[in-house]
Enquirer: 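Right, I'll just put the structure down here and ask away after.
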Number of protein chains: 2
Amino acid sequence: MDTALKGAMDIFWRQGFAATNLPDLLSAMGLTRGSFYKAFTDKETAYLKALDYYDGAIVSSTVDTLTTCQTETASDCLALLFAASKEPERGCFICNAMVEMAPVNIRVATKANHMSARLRDAIQARIAKHHPTLDADRAEESADLILHLYFGHQAMGKSTEASGQWRSKIAHILNESPV
Amino acid sequence: MDTALKGAMDIFWRQGFAATNLPDLLSAMGLTRGSFYKAFTDKETAYLKALDYYDGAIVSSTVDTLTTCQTETASDCLALLFAASKEPERGCFICNAMVEMAPVNIRVATKANHMSARLRDAIQARIAKHHPTLDADRAEESADLILHLYFGHQAMGKSTEASGQWRSKIAHILNESPV
DNA sequence: CTCATTAGGAACCAAATGGTACAAAACAAA
DNA sequence: TTTGTTTTGTACCATTTGGTTCCTAATGAG
């Protein structure tokens, strides 16, 4: 069941909802039609479950990294969000879902917003940790800015090779001294 | 022909490629199958032409605004990129195309990159105009940053109501004094 | 007007779509 | 082993898909 969900996440993440047909989905999940429809009702439900799986696996792991990483500055840590991915053309599932599905499926929008908020909170906490004198509003503003940058980065990374130098850019936004 | 292209742009912009079926597309373009296939070969070609139309209409108009607007600071002008749209759920066609199509269609990727570059150039030129002493590398870096923010903004705007205060955020990035 | 060319529209097509029905098989309880 | 229940695989279904054909209606040149 868990491996089936992981398979669903993988293929929806790569191909999106509309471009993934049932045969694709079934083989990615390792299920046949009978057991798929018994367990997941329909394609849309499987997509929503795949988003939940992404939340529990990928988002949680990212939040964990942002929370626990040992770096000298906030920007050193936050730059990890922009580190080269081994499969940049799949981008970020949250971003993909926001673009393709959120406008026409409120449940997708809700989940995407929830995951976005988790990322923003983790970013903000990391900023606050290194800048304890900064007031919360400013930290939240900066976190929101970096979150927007992150999604822009993920979107553009699907079309072109990613540009670098993110650490110093983030440092500048946070008024940290660039090395 | 022009109005047909505009119709194609509108529906692909709103719905994306895969989620737009032929009946949808034909009625948006005001054509029947016969004349559609005569003029556009197939759905993919129509999509590519719709991207070109977007380039000539929307991107050009945006570039024009960035080039000619009369503002005191660069951030005042660039904040226009983030102004509330009357249909935020359709986002930006470039961003939509990058996310949905670019990884699986190199011609879409090329067009998206070309339009992105036009926007980036216009942003950079606007920055340079207000900061003549800034060296070109720094101006390009800032322009790239703002372009990433723009796409992130467009992606997130499809899922949730846009957050405001962009002028001051851009001002901060450009080291312009926030009012 | 005549004729050639083009554009438009509707019927049609094979293939693919998401989803269901149902029988066989695996499993658990007794 | 027998029974009842759940899971799995497959054949099937109506509908929709993108695309083609072909006939008719305009259109324009002479």
Side-chain angles (χ1 to χ4, degrees), chain A residues 1-54 93 96-97 99-109 111, chain B residues 1-54 90 93 96-97 99-109 111-112:
Chain A
M1 184 90 302
D2 201 61
T3 86
L5 272 175
K6 176 171 184 331
M9 176 189 75
D10 281 337
I11 197 148
F12 280 135
W13 187 355
R14 284 203 199 87
Q15 305 188 357
F17 180 79
T20 301
N21 59 22
L22 235 8
D24 286 350
L25 180 58
L26 295 175
S27 85
M29 300 180 77
L31 295 177
T32 56
R33 281 173 134 78
S35 26
F36 169 79
Y37 278 104
K38 172 140 301 199
F40 294 97
T41 311
D42 61 10
K43 192 182 159 189
E44 185 201 336
T45 304
Y47 185 86
L48 293 167
K49 293 260 180 69
L51 278 177
D52 288 339
Y53 187 90
Y54 186 90
F93 196 7
N96 299 353
V99 170
E100 183 193 1
M101 295 291 282
V104 294
N105 188 318
I106 195 169
R107 304 172 70 183
V108 172
K111 287 183 191 297
Chain B
M1 181 90 305
D2 201 62
T3 84
L5 272 175
K6 175 169 187 329
M9 175 188 76
D10 280 337
I11 197 147
F12 280 135
W13 186 356
R14 283 202 199 89
Q15 304 188 359
F17 180 79
T20 301
N21 58 23
L22 236 4
D24 285 349
L25 180 57
L26 295 175
S27 86
M29 299 180 76
L31 295 177
T32 56
R33 281 173 135 79
S35 26
F36 170 79
Y37 278 103
K38 175 147 307 198
F40 293 96
T41 311
D42 60 9
K43 191 183 159 189
E44 185 201 337
T45 304
Y47 185 85
L48 292 167
K49 294 258 179 69
L51 278 177
D52 288 337
Y53 187 90
Y54 186 89
R90 72 160 103 177
F93 196 8
N96 299 352
V99 170
E100 184 193 0
M101 297 290 282
V104 293
N105 188 317
I106 195 170
R107 304 173 68 186
V108 172
K111 286 183 190 300

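As a basis for the values below, the full set of heavy atoms in this structure was taken, side chains included, without hydrogen atoms, waters or symmetry mates. Order of the sequence lines sets the chain letters (A, B, ...), proteins ahead of strands, with each chain counted from 1.
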Enquirer: When rounded to the nearest 0.5 angstrom, what is the spacing between CG in B:Leu22 and OH in B:Tyr37?
Expert: 4.0 Å
Enquirer: Anything under 4.0 Å to a heavy atom of chain A counts; send over the first and last such nucleotide of DNA chain D, read 5' to 3'.
Expert: D:dT7 to D:dA11
Enquirer: Which atom names give the shortest non-hydrogen contact between A:Ala4 and A:Leu31, and what distance separates them?
Expert: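 Shortest heavy-atom contact: CB-CD1, 4.2 Å.
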Enquirer: Considering only heavy atoms, which members of residues 17-28 of chain B lie under 4.0 Å from some atom of DNA chain D?
Expert: B:Thr20, B:Asn21, B:Leu22
Enquirer: Could you list all N or O pairs between the protein and nucleotides 5-13 of chain C that sit under 3.5 Å apart?
Expert:
{"unit_1": "C:dG9", "atom_1": "OP2", "unit_2": "B:Thr32", "atom_2": "OG1", "d": "3.4"}

Enquirer: Any side-chain heavy-atom pair from B:Phe40 and B:Leu5 closer than 4.5 angstrom?
Expert: yes
Enquirer: Minimum heavy-atom separation for B:Val108 and B:Ala102, please, with both atom names.
Expert: CG1-N, 4.0 Å
Enquirer: Can I get a per-line list of side-chain donor-acceptor pairs under 3.5 Å for residues 11-20 of chain B, giving both atom names and the distance, sequence neighbours left out?
Expert:
{"unit_1": "B:Trp13", "atom_1": "NE1", "unit_2": "B:Arg90", "atom_2": "O", "d": "3.3"}
{"unit_1": "B:Trp13", "atom_1": "NE1", "unit_2": "B:Gly91", "atom_2": "O", "d": "3.0"}
{"unit_1": "B:Arg14", "atom_1": "NE", "unit_2": "B:Glu87", "atom_2": "OE2", "d": "2.6"}
{"unit_1": "B:Gln15", "atom_1": "OE1", "unit_2": "B:Thr20", "atom_2": "OG1", "d": "3.4"}
{"unit_1": "B:Thr20", "atom_1": "OG1", "unit_2": "B:Gly16", "atom_2": "O", "d": "2.7"}

Enquirer: Measure the spacing between CG of A:Asp52 and NZ of A:Lys111 and express it to the nearest 0.5 Å.
Expert: 3.5 Å
Enquirer: By side-chain hydrogen bond (donor to acceptor under 3.5 Å, both in side chains), which residues pair with A:Asn21, not counting sequence neighbours?
Expert: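 Once residues adjacent in sequence are excluded, A:Asn21 has no partner under the side-chain hydrogen bond (donor to acceptor under 3.5 Å, both in side chains) criterion.
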Enquirer: To the nearest 0.5 angstrom, please state how far the OG1 atom of B:Thr45 sits from the CZ atom of B:Arg107.
Expert: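 Reported value, rounded in 0.5 Å steps: 6.5 Å.
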Enquirer: How about B:Leu26 and B:Pro23: do any of their side-chain heavy atoms sit closer than 4.5 Å?
Expert: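 No. Closest side-chain heavy atoms not under 4.5 Å.
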Enquirer: Distance check, rounded to the nearest 0.5 Å: A:Met29 atom CE versus A:Lys49 atom NZ?
Expert: 9.0 Å
Enquirer: Quick one: pull up CE in A:Met9 and OH in A:Tyr54 and give me the separation to the nearest 0.5 Å.
Expert: 8.0 Å
Enquirer: Tabulate protein N/O versus nucleotide N/O from nucleotides 25-27 of chain C, keeping only pairs under 3.5 Å, one per line.
Expert:
none

Enquirer: Please report the interatomic distance CG(B:Asn105) to CG(B:Leu48), rounded to the nearest 0.5 Å.
Expert: 6.0 Å
